[in-house]
Amino acid sequence: MTSEVFGRTTGCGELRAKDVGHEVSLAGWVHRRRDHGGLIFIDLRDRSGLVQLVFNPAKNPEAHRVADGLRSEFVVAARGLVVARDPAMVNPKLPTGEVEVMPSAVEVLNESLTPPIYVAEATDTPAVDETTRLRYRYLDLRRPRMQRNLILRHQVTMAVRNFLDGHGFVEIETPMLTRSTPEGARDYLVPSRVSPGRFYALPQSPQLFKQMLMVSGFERYFQIVRCFRDEDLRADRQPEFTQIDVEMSFVKQEDVLRLMEDLVAELYAKVLEKKLPRPFPRMTWRQAMADYGSDKPDLRFGMKLIDLTEAVRESGFRVFAEAAAGGGQVKAVVAPGAASFSRKDIDGLTEFVKTYGAKGLAWMAFEAAPAAGQGATAPATGGPGAAPEVRSPIAKFFSPEALADLRIRLGAGPGDLALFVADKPAVVAAALGALRLELGRRLNLIDREADRFLWVTDFPMFEYSQEEDRWVAMHHPFTSVRDEGLPLLKTDPGAVRAVAYDLVQNGIELGGGSIRIHRRDVQERVFDALGLSPEEAREKFGFLLEAFEYGTPPHGGIAFGLDRMIMLMAGAETIRDVIAFPKTTSASDLLTGAPSEVSGRQLSELGLAAKGDQG
RNA sequence: GGAGACGUGGUGUAGCUGGUCUAACAUAUGUGCCUGUCACGCACAAGAUCGCGGGUUCGAAUCCCGUCGUCUCCGCCA
């Protein structure tokens with residue numbers, strides 16, 4: 001097929017008043033068609049945007065005849081004159097709204113079935129279900145919003161490369177077919193045809209390779225790299241995801257944090273034209289857990305957790321007193337203006353905290369209007385201003401003085417609702433941390449325009465795994481420990497702190513890293529603390545231990561979750577909206593149908609047999 | 001591994017305390033009319049047996065069980 005018309009000179013969305021009088025050739029998709037019987041208007045769309053084509057049967061009957069047959073998402077080429085619109089007909093909503101094109105010739109390059117997705121979205125077009133979007137992803141990606149997201153992603157990765165290149169970093173690729181290692185997430189395995197019964201693993205991260213590159217003397221490495229983890233998915237977790245992976249030699253924690261903060265600030269400045277407040281605040285892990293019940297606090301609103309363990313130690317409410325006596329905690333959050341919550345609302349919150357392991361939720365509502373002598377209320381005196389009545393099932397366990405004291409500690413004013421959890425510290429943190437976020441959302445306390453970054457530092461080196469009945473590395477086993485922790489490796493692993501840090505944005509973990517161990521003896525002691533025998537250590541990580549004996553520089557680094565970073569920059573709800581071809585929560589690809597069965601011949605070549613569902 | 005929500009014309013929803021549901025609305029689609037629209041308008045038409053399987057019942061989109069799929073959360077994710 002030879003085209004008379006095809007031969008593009010401009011993008012549709014680029015036309016402006018200055019182009020008036022020029023003859024242009026355009027190509028794109030029919031975004032919308034408005035047929036007035038005589039005149040036909042076509043919004044022609046390409047990556048650059050939209051422009052209106054006007055077909056006038058009186059001026060060009062042949063072009064009008066072709067336009068009559070055009071439908072949504074047809075691919076067409078058009079050539080014609082750019083003309084200025086009459087001032088009354090300018091469309092201020094379109095960048096190209098001052099002009100339109102009067103085609104002298106149009107050609108259909110390809111037709112389209114009626115699409116199952118509304119590419120030309122409007123306020124009255126129904127939102128399409130994600131299943132359909134994923135099945136027809138190529139159409140979904142035509143939507144301007146998705147095009148924006150992926151172009152934003154491109155701009156960010158370009159800016160990352162530019163920044164890191166400018167700071168002496170070298171981008172080096174590392175293997176996708178590598179060795180399975182113990183610790184960490186479940187590996188995706190790839191069978192070896194040449195070595196039947198043996199498997200490669202897809203990398204969970206290039207951790208060991210980037211450390212090897214430091215041993216090799218590259219000093220500053222980075223990579224925008226795919227990582228794979230065979231774990232259950234979430235809105236912000238995909239089985240394959242992309243990291244901005246960075247490693248540097250001869251650095252301390254401070255050097256890494258400062259440079260990476262520069263990087264993030266530059267991305268926001270260059271790509272979003274937003275100036276971030278500097279420096280990013282910092283908080284220790286301990287402080288984050290105490291104040292927010294989370295190692296990734298959302299700083300866009302307050303509602304810190306309040307520790308009342310000491311205040312209620314002697315109280316008559318046994319649930320509180322026993323938790324305090326048994327080494328647990330009693331903590332609370334105060335939901336501003338939530339005293340009006342119904343019993344049903346609070347029951348719902350109780351169910352909510354139970355999913356985090358809490359056994360219950362105690363509450364006190366501080367009424368806005370004082371009213372004397374009601375059943376389950378008691379006067380709370382001594383606070384500033386008018387003393388509000390307390391409505392609470394547990395008020396009867398406290399004297400008026402104790403209630404007044406509690407109210408001051410809570411900082412609760414009239415109309416506020418305090419919610420208490422008493423349990424082991426880990427449960428209290430999980431339940432109240434999640435409850436704080438839920439209430440923050442529900443009460444509209446979160447400033448959706450804000451971008452609040454935070455460095456969380458001084459993570460514990462180990463956490464105890466009930467399941468495995470041993471200590472496991474919180475970050476990874478190659479993380480260095482603070483000097484004062486070295487003697488504790490044997491005696492009190494739970495007290496050892498790591499030189500590890502996370503960058504958190506709006507309650508989402510954007511990235512994390514550490515200063516690594518670079519001495520064999522220290523690495524061996526950490527392996528030992530993890531319950532890895534010297535034999536196992538040599539078998540699994542012998543190459544690392546060996547490398548440490550050939551002049552390994554002190555080094556450290558960080559890895560950012562690129563998908564999450566773009567999600568936040570794009571204002572998307574899920575990383576699926578910033579990944580061209582994502583997978584569902586059951587890790588399948590609705591477009592291609594992966595994962596699929598394979599032929600018996602493929603399996604036998606690999607020395608494998610499929611067991612199917614039987615397991 | 002566990003919990004919850006959802007599944008109805010091409011698309012998105014309503015209906016779901018069982019029977020005039022012979023399934024409604026919006027949008028999309030088709031046809032006709034319309035020379036200045038830009039979420040064009042008006043009229044008409046076509047289009048779903050209600051994810052799948054089983055059960056209860058005289059009767060099931062509606063109730064029950066199972067199953068599949070999607071989403072959210074807990075566990076998990078060094």
Side-chain angles (χ1 to χ4, degrees), chain A residues 31-44 50-59 64 71-73 85-86 88-94 96-97 100 113-136 139 181-187 204-205 207-208 227-239 241 348 351-358 430-431 434 437-438 459 461-463 465-468 471-479 498 500 509 512-514 526 530 559 561 573-574 576 583-586 588 590:
Chain A
H31 194 66
R32 232 185 276 278
R33 172 173 173 276
R34 290 177 295 278
D35 183 348
H36 285 249
L39 290 178
I40 295 175
F41 300 94
I42 298 285
D43 290 337
L44 191 67
L50 293 179
V51 71
Q52 173 166 279
L53 311 183
V54 184
F55 295 89
N56 189 331
K59 292 186 178 156
H64 183 269
R71 293 296 180 270
S72 285
E73 300 306 312
R85 294 197 191 187
D86 183 292
M89 289 156 197
V90 164
N91 183 351
K93 285 185 264 180
L94 282 182
T96 61
E100 57 197 9
L113 298 173
T114 301
I117 279 178
Y118 298 93
V119 177
E121 285 178 293
T123 49
D124 68 339
T125 48
V128 175
D129 183 77
E130 196 167 359
T131 311
T132 310
R133 291 176 50 202
L134 291 175
R135 178 133 174 264
Y136 299 95
L139 293 178
T181 53
E183 306 280 319
R186 203 174 287 118
D187 284 322
Q204 295 177 30
S205 85
Q207 182 61 35
L208 290 167
C227 303
F228 305 85
R229 292 178 191 174
D230 187 5
E231 296 293 346
D232 288 342
L233 307 180
R234 289 284 195 286
D236 61 355
R237 276 166 28 191
Q238 283 275 302
F241 61 98
E351 285 309 304
F352 179 80
V353 296
K354 281 184 178 169
T355 64
Y356 296 87
L437 289 176
E438 174 66 17
F459 278 77
M461 180 67 195
F462 306 102
E463 58 189 335
S465 165
Q466 300 292 344
E467 196 181 330
E468 297 180 60
W471 293 94
V472 298
M474 199 161 179
H475 186 55
H476 58 54
F478 320 110
T479 302
E509 182 192 331
S514 62
V526 169
L530 290 167
E573 298 283 325
T574 153
R576 293 188 299 274
K583 292 183 176 56
T584 68
T585 45
S586 50
S588 62
L590 298 180

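Chain A is the first sequence line, chain B the second, and so forth, proteins listed ahead of strands; every chain is numbered from 1.
Base contact: A:N56 has a heavy atom under 4.0 Å from a base atom. When heavy atoms are screened at a 4.0 angstrom cut-off, A:S72 is found touching the sugar-phosphate backbone but no base atom. The residue A:P116 sits close only to the backbone: its heavy atoms come under 4.0 Å of sugar-phosphate atoms, none of a base. When heavy atoms are screened at a 4.0 angstrom cut-off, A:T123 is found touching base atoms of the nucleic acid.
To the nearest angstrom, P of B:C73 lies 6 Å from CZ of A:R234. One can place CE of A:M474 at 15 Å from C1' of B:C76, the figure rounded to the nearest angstrom. Put simply, NZ on A:K354 is 17 Å from C1' on B:C73, counting in whole angstrom units. Rounded to whole Å, the distance from NE2 on A:H36 to P on B:C33 is 15 Å. As rounded to whole Å, 9 Å separates atom P of B:G1 from atom CZ of A:R186. One interatomic measurement links the two molecules: OH of A:Y356 to C1' of B:G4, which rounds to 12 Å at whole-angstrom precision. The interatomic distance linking A:D43 (CG) with B:C40 (C1') rounds to 11 Å, in whole Å. Note: CZ (A:R237) to C1' (B:C74) measures 11 Å, nearest angstrom.
Closest to the side chain of A:L39, from the set B:C73, B:U37, B:U35, is B:U35. Listed candidates were B:C34, B:A39, B:G36. Nearest to the side chain of A:K93 is B:A39. When the nucleotides B:C71, B:G36, B:U72 are ranked by their closest atom to the side chain of A:L134, B:C71 comes out on top. Comparing atom distances between the A:R71 side chain and each of B:G12, B:C38, B:U31 picks out B:U31 as nearest. Nearest to the side chain of A:P57, among B:C71, B:U35, B:G12, sits B:U35. The side chain of A:E467 lies closest to B:C76, out of B:C76, B:G12, B:G36. Of the candidates B:U27, B:C38, B:U31, the closest approach to any side-chain atom of A:T125 belongs to B:U27. Comparing atom distances between the A:Y118 side chain and each of B:U35, B:U70, B:U27 picks out B:U27 as nearest. Taking the side chain of A:L94 as heavy atoms from C-beta on, and the options B:C77, B:C38, B:G12, the nearest nucleotide is B:C38. Taking every side-chain heavy atom of A:S586 into account, B:U70 is the closest of B:C38, B:U11, B:U70.
Going from the P atom of B:C63 to that of B:G19 covers 11 Å, rounded to whole Å. Straight-line distance between the P atoms of B:C25 and B:A43: roughly 14 Å, to the nearest whole Å. For the P atoms, the distance from B:G36 to B:A24 is 36 Å, rounded to whole Å. Using atom C1' as the reference point in both B:G47 and B:A23, the two lie 13 Å apart (nearest Å). Here the separation of B:U57 from B:C71, taken at their P atoms, is 38 Å to the nearest Å. With P as the reference atom, B:U13 and B:C65 are 25 Å apart, rounded to whole Å. B:G69 and B:A61: their P atoms are spaced 25 Å apart (whole Å). Comparing B:U37 with B:C73, their P atoms are spaced 46 Å from each other, to the whole Å.
At B:U70, one or more side-chain N or O atoms of A:T584 fall inside 4.0 Å of OP1 or OP2 (strictly under the cut-off). Under 4.0 angstrom from either OP1 or OP2 of B:U72 there lies at least one side-chain N or O belonging to A:R576. Neither OP1 nor OP2 of B:G51 sits under 4.0 Å from any side-chain N or O of A:T131. Close to B:C40, at under 4.0 Å from its OP1 or OP2, lies a side-chain N or O of A:R34. When the side-chain nitrogen and oxygen atoms of A:R32 are compared with OP1 and OP2 of B:C40, one or more of them lie within a distance under 4.0 Å. Contact check, A:T355 against B:U72: no side-chain N or O comes under 4.0 Å of OP1 or OP2.
No donor-acceptor pair closer than 3.5 Å links the side chain of A:R229 to the backbone N or O of A:D187. A donor-acceptor pair under 3.5 Å is formed between the side chain of A:T574 and the backbone N or O of A:A235. Under a 3.5 Å cut-off, the side chain of A:Q238 and the backbone N or O of A:K583 do form a donor-acceptor pair. Between the side chain of A:R186 and the backbone N or O of A:D230 there is at least one donor-acceptor pair closer than 3.5 Å. Without hydrogens or angle criteria, A:H36 side chain to A:G38 main chain gives no donor-acceptor distance under 3.5 Å. Under the 3.5 Å distance criterion, the side-chain polar atoms of A:S586 are left unmatched by any main-chain donor or acceptor of A:S588.
Here A:R237 does not pair with A:D232 in a salt bridge; the nearest charged N to carboxylate O distance is not below 4.0 Å. The pair A:E130-A:R576 counts as a salt bridge, with a side-chain nitrogen and a carboxylate oxygen less than 4.0 angstrom apart.
Across all strands shown, B:A5 forms a Watson-Crick or G-U wobble pair with B:U70, both key distances being under 3.5 Å.
Heavy-atom distances to RNA chain B give each of A:K59 and A:D124 a nearest nucleotide, and the one nearer the 5′ end belongs to A:K59. Heavy-atom nearest nucleotides on RNA chain B were determined for A:H476 and for A:E573, and the one closer to the 5' end corresponds to A:E573.
For A:R85 against B:C38, a side-chain-to-base donor-acceptor contact under 3.5 Å is present. You'll find a donor-acceptor pair under 3.5 Å spanning the side chain of A:D232 and the base of B:G75, going by distance alone. For A:E130 against B:G69, a side-chain-to-base donor-acceptor contact under 3.5 Å is absent.
Within 6.0 Å of the CZ atom in A:R34, the count of heavy atoms belonging to other residues, nucleotides or ligands exceeds 12.
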